[in-house]
Every structure is written in C-alpha cells, then in structure tokens.
2 protein chains.
Amino acid sequence: MKKQERQRYIKRLLSSNEIERQEDFVRLLRAEDIDVTQATISRDIKDMQLVKVPSVTGGYHYSMPVQKKMDTEKKLRRTLKDAYVSYATQDKFVLIKVLPGNGPALASLIEAMHYDNVFGTLGDDDTVLIIGKSLDATLDLQQTLQRLLSDN
Amino acid sequence: MKKQERQRYIKRLLSSNEIERQEDFVRLLRAEDIDVTQATISRDIKDMQLVKVPSVTGGYHYSMPVQKKMDTEKKLRRTLKDAYVSYATQDKFVLIKVLPGNGPALASLIEAMHYDNVFGTLGDDDTVLIIGKSLDATLDLQQTLQRLLSDN
DNA sequence: TGTGAATATCAATTCAAC
DNA sequence: GTTGAATTGATATTCACA
C-alpha cells in the first residue's frame with residue numbers, strides 16, 4: 001500500500017525537520033519522489049493524530065501525537081533507569097554506557113522521542129552515542145536525560 | 001490585566017468542553033461576558049501553546065500543551081503512588097482513599113489532566129471523589145488510574 | 001478505499017487604533 | 001503591549017474519479 005509507506009516517511013520527517021506547514025511535507029516528500037498534495041497530507045495528519053504545536057521560538061511545527069509521546073517517554077525513562085551505567089559528554093556528543101544488550105533499545109527510544117535538539121543517535125550493544133545539533137542543544141539534551149534518570 | 005484573566009477562562013474551558021474551533025472559544029467566552037474575537041483567541045492559543053488534536057472519534061479539539069500534560073501526569077503518578085490507600089467504584093463514581101492531607105492535591109492534579117471522560121472531581125482531606133461522564137467513561141478512567149499506579 | 005483539484009472553512013497575521 | 005476588523009494564509013472537506 002502507498003499510504004502506509006508515505007506515512008512512514010512523514011514520521012521520519014518529523015524528527016529531522018522543523019515542519020511548519022503541510023506544504024512543507026509536500027515539498028520534502030517530493031524530494032523523495034513521493035508525489036502528494038496538501039489534501040492528502042491533511043488526511044494523513046488526521047490519521048496519525050499529529051498536532052501543530054506553537055513553538056516557544058514563535059513559530060509552529062508539527063509533532064507526534066501527545067499520547068504516543070507520553071508512552072515513549074515512559075518507556076525511555078524505564079529503560080534508562082534499568083540499564084543506565086554512566087555517561088560522558090564532549091563537544092556535541094553524549095555517550096551513554098548501558099548494561100549489555102540495551103544500547104539499541106535505548107537509542108531507538110531516544111530517536112522515537114524526536115527531540116528537536118538531537119541530530120542523530122547510534123546504539124551498539126552497551127553504548128549509545130547521541131549527537132546534538134549544537135553545543136547548547138547538547139546541554140539541553142543532557143539535562144533532559146538527567147531529569148528522566150532522577151525520575152520526577 | 002485582561003489578557004491573563006481571559007487565558008484563565010480559556011484554560012478552564014479546555015476541561016469542560018470539547019472545543020473544535022477557535023470560534024467556539026469566542027462563543028463560550030461571550031457567554032461569560034468576555035468579549036473577544038477569533039484573532040485574539042488565535043494569539044492566546046499561540047501564547048499558551050495549545051494544540052488542535054485530531055481526536056479518535058473523527059473530529060478535532062483543542063488541548064493543553066504536550067509538555068505540561070507530561071509534567072502533570074508525572075506529578076499525578078507520583079502523588080498516587082505516594083498517597084494511595086484504596087479505591088472503590090459505584091455507578092459513575094470512583095472513590096479514592098489517600099493518606100490524610102493528600103486529597104486536595106490529588107483532586108486538583110486529576111482536574112489539571114483535563115481527562116475528557118471526567119465530569120468532575122472533589123477532594124477532601126483523605127478522599128477523592130471522581131464523577132465520570134458515563135459508565136463507560138468511568139471504567140476507562142479506572143483503567144487509566146490503575147495504569148498510573150502500576151507505573152509503566 | 002485513496003487521491004487530486006477545487007473549494008469551504010478555519011486560523012494567523014497585518015494594520016490601525018488604543 | 002493589546003486588541004478588532006479585515007485580510008491573507010493554511011488546512012479540512014467536498015466532489016469526481018481511479
């Protein structure tokens with residue numbers, strides 16, 4: 001089916017770009033040779049329950065559904081608490097050591113959060129490397145992770 | 001200041017009504033003798049970072065910001081875990097017994113979540129009474145609370 | 001059922017006024 | 001800094017069709 005595939009692309013686009021308008025999706029999907037119109041994107045957004053969030057910086061951007069975000073964060077917090085060993089930072093990198101076998105799961109949860117200050121994530125057996133979009137972004141991210149670790 | 005007061009009303013309206021369009025806010029605020037236009041509501045929504053959520057039932061409704069919802073849920077979960085004693089259900093009611101002093105806090109957290117299946121909440125020193133909008137709603141709510149209690 | 005083109009509806013912004 | 005009226009801009013829906 002075509003719709004499914006397109007919606008997977010849309011999900012991926014959510015992480016990497018600040019998407020302000022539905023037309024942005026149209027443009028970005030066309031760059032991937034997926035031809036759609038705004039009407040279809042509107043329907044996809046309804047399907048996927050994406051929301052248009054007023055961002056602190058003044059604009060708007062599309063984001064994952066609230067409930068899914070909360071669920072993902074719960075899993076992330078639990079995984080962090082269960083598997084966390086230590087972490088270190090350097091430049092735009094955060095390196096998290098975890099119990100063997102937990103790297104990939106943790107990395108994919110962090111990706112699923114679509115943190116907008118994360119450039120990319122990489123998990124091997126017992127290590128997760130997170131690359132921030134900037135030094136500030138990396139600091140923010142670090143604080144987010146610490147907050148998750150210390151519960152609240 | 002006028003803006004602040006209006007935004008307080010808007011926040012309250014979020015809980016009690018399924019608000020689908022900005023004009024709905026205008027209408028409901030006018031019923032409370034607060035005269036505004038759609039333009040102002042649009043700006044308030046940006047200010048408060050409210051989002052228009054595609055609901056499962058096919059429509060759309062405005063909802064609180066994701067982050068705040070997550071924060072509130074965390075507090076609610078913690079309070080529940082800390083203070084929970086027992087609970088009972090009858091008809092559309094859920095009655096939660098908590099440690100003395102925790103009733104009001106728990107009640108206000110549940111209200112802050114703006115669960116759409118909750119009709120109203122009432123907390124005294126060691127008891128919280130939640131009134132569901134229907135029998136089904138009350139069952140759903142019960143499950144939500146159990147889920148929160150058992151962590152996840 | 002899923003889609004695009006056209007359209008209707010809804011939301012954000014501009015601009016003037018306060 | 002805040003607002004309403006008018007406007008522009010964006011999104012949801014309708015309608016025809018694959």
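Residue numbers start from 1 in every chain, and the chains themselves are labelled A, B, ... in the order their sequence lines are given, proteins ahead of strands.
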For [X] and [Y], test the side chains for any donor-to-acceptor distance below 3.5 angstrom and give the result as yes or no.
X       : Y        : answer
B:Tyr62 : B:Glu18  : no
B:Lys97 : B:Thr127 : yes
B:Gln22 : B:Gln38  : yes

Atom-pair distance ([atom1] on [X]; [atom2] on [N]), nearest Å:
X       : N      : atom1 : atom2 : value
A:Gln4  : C:dT3  : CD    : P     : 10 Å
A:Asp35 : C:dG2  : CG    : P     : 19 Å
A:Lys3  : C:dT1  : NZ    : C1'   : 8 Å
B:Arg30 : D:dT3  : CZ    : P     : 14 Å
B:Ile19 : C:dA11 : CD1   : P     : 11 Å
B:Ile34 : D:dG4  : CD1   : P     : 12 Å
A:His61 : D:dT11 : NE2   : P     : 14 Å
B:Tyr62 : C:dA12 : OH    : C1'   : 10 Å

Check whether any side-chain heavy atom of B:Leu50 lies under 4.5 Å from a side-chain heavy atom of B:Leu14, and answer yes or no.
yes
Are the side chains of B:Leu29 and B:Leu13 in contact, using a 4.5 Å heavy-atom criterion?
yes
Kindly say whether, by distance alone, the side chain of B:Gln38 makes a donor-acceptor pair under 3.5 Å with the base of C:dA12?
yes
As a test of reading the structure: which of D:dG4, C:dG4, D:dT11 is closest to the side chain of A:Arg21, going by heavy atoms?
D:dT11
Nucleotide of D:dT2, D:dT11, C:dT3 approaching A:Gln22 most closely (side-chain heavy atoms)
D:dT11
What residues 39-52 of chain B contributes to the DNA chain C interface at heavy-atom separation below 4.0 Å is B:Ala39, B:Ser42, B:Arg43, B:Lys46, B:Lys52
If you compare every side-chain N and O of B:Arg6 against the phosphate oxygens of D:dT2 (OP1, OP2), does one of them come in below 4.0 Å?
no
Side-chain N or O of B:Tyr60 versus OP1/OP2 of C:dC10: is the shortest distance under 4.0 Å?
no
Hydrophobic cluster (4.5 angstrom, side-chain heavy atoms) - remaining members for B:Leu139
none
With a cut-off of under 6.0 Å to the ring centre and 45° to the axis, is B:Lys133 in cation-pi contact with B:Phe119?
no
